[in-house]
Each structure stands twice: as structure tokens, then as C-alpha cells.
Participant: 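Sharing a structure with you now.
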There are 2 protein chains.
Amino acid sequence: MLTKAEKPSLEMPAARRLPSFPLTVDTVILTILEGELKVVLVKRLDEPFAGLWALPGGFVHEKESLESAARRELREATGAQDVYLEQLYTFGEPQRDTRGRVVSVAYVALVAADRCPLTPHRLEAEARWFSVYELPAMAFDHREMLDTALSRVRTKLEYTTLGFQLMPATFTLKELQSSYEIVLHRSLDKRNFRRRLKLLDLVEAVGEKRAEGPGRPAMLYRFKDVDFLHLREKGFFLPF
Amino acid sequence: MLTKAEKPSLEMPAARRLPSFPLTVDTVILTILEGELKVVLVKRLDEPFAGLWALPGGFVHEKESLESAARRELREATGAQDVYLEQLYTFGEPQRDTRGRVVSVAYVALVAADRCPLTPHRLEAEARWFSVYELPAMAFDHREMLDTALSRVRTKLEYTTLGFQLMPATFTLKELQSSYEIVLHRSLDKRNFRRRLKLLDLVEAVGEKRAEGPGRPAMLYRFKDVDFLHLREKGFFLPF
DNA sequence: CCAATAGTGTCTTTCAGACAGTATTAT
DNA sequence: ATAATACTGTCTGAAAGACACTATTGG
């Protein structure tokens, strides 16, 4: 564990050892699937809370950064790589894990629907997408983590380009608006939504979509390479 | 360290022990003093970085929550209690501490100028208030922590009642505006500032202030018990 | 031509930003 | 009366919110 460095070592200073704690990362992985905001949960096989559902997470390795650990969990749970990942909050109540004290650094990830393996799975445990409005009983303080994540994402959606992360490469404006509505859990006015998109100069048309059902086909759009300074002037930010 | 619980224990599951890490909390303690935004730094006596200045911090005890640990550090560094304290970010790069891997949970505290002991001191080390614009070389990644804290505080100042925390119980509108200007590091228009205060219904007059210098004396104000729902309607929030 | 969905423009209100003069006090 | 500081009101432009009709397609 601690490197036996030449000069000062964490083992030396006091006669007694420093208290140290196992560290975990837990990731709140969100996507939009089937018109709903969904989160990945895995079924626990081991105690404590065996049989309950939990956020994908695991212990931080010796020489791994926190974000690397979170990305590792993300990859194991969904196969997704290079997706948006943000540190959320650190949960460290002494009693939060019944086995002993474990501190957990929670992360949020947003993945685009088209980059999610349809059924994420790990070797160790069953994993499923759950609607954030139809959640099973959850282990540890994972429900609190999820609530914190939703609150963070909803706030940031309004003044950052975070929403991009949930979309496939091309999409219709209707689909984009739906995503916002699903995350924010309220309806938006179509004209006002589009007016604002135009004002912020966030998207550009790429072609026409063949209609899937009846009715006029919608234009396809993609996100433009955003001009950070331009956005800031309008009180809009990148999500990091 | 880990409780030897009856059933599952963190020592059991695998044959090899789980990696575990010493955890520290570091607190960015901000106040307004002498017309400047200041932060408490303590001079390090021990390696690593002996002689450099650092944020007040220390190891998390066995059975202490993270916030308790931060409050303990806050109390040791300044004597302040019952002040605003918010978790900021967790810094966990494997190489951030040269002694070995230490993960640090950073907190921000805002203290009112009249609640700061004039010269904070600890037994172990010299402590001083530094202007955030005239900083000495700092240990570890503490400079990054401070920058993160400033960014957080500035953002929250604009849409929360966080600014309250920097003020004494009563104050003039001029003083309040000065505090905002000092934190935000830009000047504000007096009339627009007051208009907004009135709109949000944040303060109430309590009497008159005896003039200290020449000129018309200013009214004294205090913060009202804020109506959370009312604020939310106006896009304003409590700071937690 | 009908059903279904995509796309667009205007009015009103609110709020932020820029800006200058009056009021009260001590000397 | 003068100097110093406190206090206040208006105009303008930008953006948000509310709201209804036209356009394009397949059947």
C-alpha cells in the first residue's frame, strides 16, 4: 500500500498507524431509454444487502485515480467509454457501510442512448436499467446518491451543454426537446425551446430524416463545435 | 480501524486485504477582512513541504464523519463554530501526497468577519489570513483547492443567499454590497444592487447607524428569515 | 383530402444594465 | 455653505413565457 519512500513515510510519524479506510467509487449512470430517464443498478450477491440493488461501484485500487476507478466501473457495468463523467459528492458517514467504515466517492455519468449496450452485464451480478421513478429498494445510501445526481444533472442541464451527452450523433429537435423534458420531468414549449437553441447557436442541420410514422419528416441536427466564449457571454457554460 | 463485526468483515472477503488509504480533510476558510477576501493558511512544520503554507487540514479520525472532521479543523484553525460549511470536492490523485497515497476531501467555510478570532492560531503551526490575491507558495494541490473554492463561492453567491454568511448580524447596504464586490472581484451598480435586494425581499431595516465619518449616516439592516419557496420562484436558492 | 407530425412568429412581461440627481448629516 | 456620504427612479434592451397557425408528408 503506502510506498516506502526514502524519507518521510506515512507509517512513521506517530508511533501508532494512521487510520485509513477502504475507498469505493459508486457511479450513477444515467441515460434515456424508452422515453424514460434510467439508471443502471446491479443486484448485490454478497453481504451486506445481498439481494438488494445498488449503484455500480467498487473499491479504488492502489494506484488508480478516483476518476479512473469510476471509469472502470462504468466500463464494467455498461461497456461505455469516453462518456461524460463528473464527480458528484463524497459520502463518508461512519455507519454507512455495515461492514466497517468505507468512504465512497460518487460520480455521475451521462451516456447517449445509442452508446449503451442494450443489456449491460457484469460477470458477478445481474444489472438492469431502472426508471428513476420506479426504483427498487437500494443498498447503502445509494438512493441518496441517486437523488443528489438527479438534482445536479437537472440544475446543470439548464445552464450548460450537458444535455448533449444524452443524444446520439444526430437527432431531431423533437427528440432533443423530449430528452430535456424527460430529465427535467416537465414539459417545455416547443417554440420557446427552439428559439433558445437558435439564440445559443448550439445545433446545425445535417439533412432530413425519413419519416418513421405518418406526417412530415423532421430535419436531422447535430451539435456544433461550441464556442465557449460565446456561450459564456450568454450565461451558458460547458458542463465541466 | 475496521470494526470486527460479527458477520461480514472487510478483512475477510478476499484473502488479501483491501487497499485502504489515509483520508484527510482540508478546509478553505474564507472571510472578508480589511476589505479583502482572505483565506486561512497554516505554515507546515513537517515534511513534506515543510515551511510552505497549506490549508488547515488533517486526518479523518476513525469514527468521525467527514463534516465533523472539517468542523474540527475549522475550530482548531479559527475558533469559529456553527458557520457555513460545504463539501467542495475530493482530490485523490495517487501522487498528490509525496508520502504515499492520501485522499483529501476539501470543504469550504465562510465565516463572518465579526466571528473570526483576530489572529487564528494552532498550537502546532503559525496561521495567518492571506488575501486570495497575494498568496504564498502552497503545499500539495492546495492552490487548486482554493481556486475550486473561489469558483464555487462566486457562482453560488449569484443565485443563493450564501453572501449572508460573510456578514455580521447587522450591516449597512453599502457594506453588503462591498462584500459582494470583494468576493466577485468586480464592482456593482448601487441602485441595481438595491433594487434586486428589495425584489428578493432579503433584508429589513433595524435602525440607524451612527455615522463614523462625515456624511449622512446609513441605515442598519439584518437578513430576514427567508421564505424558501418565495425565493425559489424568483430563481434564488438557499446555499445548501 | 385527411390525418399526423414538423415547423414558425408575435405580443407581453420581467429583469438586467446604464445612468444622475436629491437627501441628510457634521463641520 | 460645503463636503461627504446615503438614498432613490427612469429609460432601454434582452430574454422568457404564453399562445395558434401554416407546411409537408403518407395513405
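Chain identifiers are assigned alphabetically (A, B, ...) following the order of the sequence lines, protein sequences preceding nucleic acid strands; residue numbering begins at 1 within each chain.
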Participant: OP1 or OP2 of D/dC7 less than 4.0 angstrom from a side-chain nitrogen or oxygen of B/R194, does that happen here?
Facilitator: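 Yes, B/R194 has a side-chain N/O under 4.0 Å of OP1/OP2 on D/dC7.
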Participant: What is the distance, rounded to the nearest whole Å, between atom NZ of A/K190 and atom P of D/dA16?
Facilitator: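 Between P of D/dA16 and NZ of A/K190: 19 Å.
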Participant: Atom CD of B/Q177 and atom C1' of D/dT5: how far apart are they, to the nearest Å?
Facilitator: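 B/Q177 atom CD is separated from D/dT5 atom C1' by 13 Å.
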Participant: Only one of B/L88, B/L66, B/D26, B/I29 passes side-chain contact (heavy atoms from CB on, under 4.5 Å) with B/Y107; say which it is.
Facilitator: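 For B/Y107, the side-chain contact (heavy atoms from CB on, under 4.5 Å) test succeeds with only one of B/L88, B/L66, B/D26, B/I29, which is B/L66.
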Participant: With a cut-off of 3.5 Å and sequence neighbours excluded, list every side-chain donor-acceptor pair involving residues 227-240 of chain B.
Facilitator:
{"unit_1": "B/D227", "atom_1": "OD1", "unit_2": "B/L229", "atom_2": "N", "d": "3.1"}
{"unit_1": "B/D227", "atom_1": "OD1", "unit_2": "B/H230", "atom_2": "N", "d": "3.2"}

Participant: Taking donor-acceptor contacts at under 3.5 Å, does the side chain of B/R216 reach the base of C/dA26?
Facilitator: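 Donor-acceptor pair under 3.5 Å: no.
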Participant: Is there a side-chain contact between A/R196 and the phosphate of D/dA16, meaning an N or O under 4.0 Å from OP1 or OP2?
Facilitator: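 The answer is yes; a side-chain N or O of A/R196 sits under 4.0 Å from OP1 or OP2.
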Participant: DNA chain D: A/R191 or A/P217, which has the more 5' nearest nucleotide?
Facilitator: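 Nearer the 5' end of the strand: A/R191.
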Participant: Can you tell me the distance, in whole Å, between the NZ atom of B/K234 and the P atom of C/dT14?
Facilitator: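 Checked: the NZ to P distance equals 9 Å.
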Participant: From OH of A/Y221 over to C1' of C/dG7, roughly how many Å is that when rounded to an integer?
Facilitator: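 One finds 9 Å between C1' of C/dG7 and OH of A/Y221, rounded.
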Participant: Just compare D/dC19, D/dT24, D/dA4 and give me whichever is closest to any side-chain atom of A/N192.
Facilitator: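 The closest nucleotide is D/dC19.
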Participant: Name the one of A/V39, A/V40, A/D141, A/V42 that satisfies side-chain contact (heavy atoms from CB on, under 4.5 Å) with A/L55?
Facilitator: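 The single option meeting the side-chain contact (heavy atoms from CB on, under 4.5 Å) with A/L55 is A/V39.
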Participant: Which whole-number value in Å describes the distance from A/K198 NZ to C/dG7 P?
Facilitator: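 My rounded result for the distance is 11 Å.
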Participant: Measuring from the side chain of A/M219 (C-beta onward, heavy atoms only), which nucleotide among D/dC7, C/dG7, D/dT10 has the closest atom?
Facilitator: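 Comparing D/dC7, C/dG7, D/dT10 against the side chain of A/M219, the answer is C/dG7.
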Participant: How long is the line joining CD of A/E158 and P of D/dA16, in whole Å?
Facilitator: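 In whole Å, D/dA16 P and A/E158 CD are 11 Å from each other.
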Participant: For A/F171, which residues count as a ring-ring contact (aromatic ring centres under 6.0 Å, His included) partner, sequence neighbours excluded?
Facilitator: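 A/F171: ring-ring contact (aromatic ring centres under 6.0 Å, His included) contacts with A/F223.
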Participant: Evaluate the side-chain proximity of A/V183 to A/R154: yes if any heavy-atom separation is below 4.5 Å, no if none is.
Facilitator: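 Counting from C-beta outward, A/R154 and A/V183 do come under 4.5 Å.
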Participant: Starting at atom CG of B/L188, determine the distance to atom C1' of C/dC19, rounded to an integer number of angstrom.
Facilitator: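 So the CG-C1' distance, B/L188 to C/dC19, works out to 16 Å.
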Participant: If you check every side-chain atom of B/K174, which of C/dG17, D/dA16, D/dA6 has the closest atom?
Facilitator: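 Given the options C/dG17, D/dA16, D/dA6, the side chain of B/K174 is closest to D/dA6.
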Participant: Specify the separation, in whole Å, of atom CD of B/E208 and atom P of D/dT5.
Facilitator: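 To the nearest whole Å, that distance equals 17 Å.
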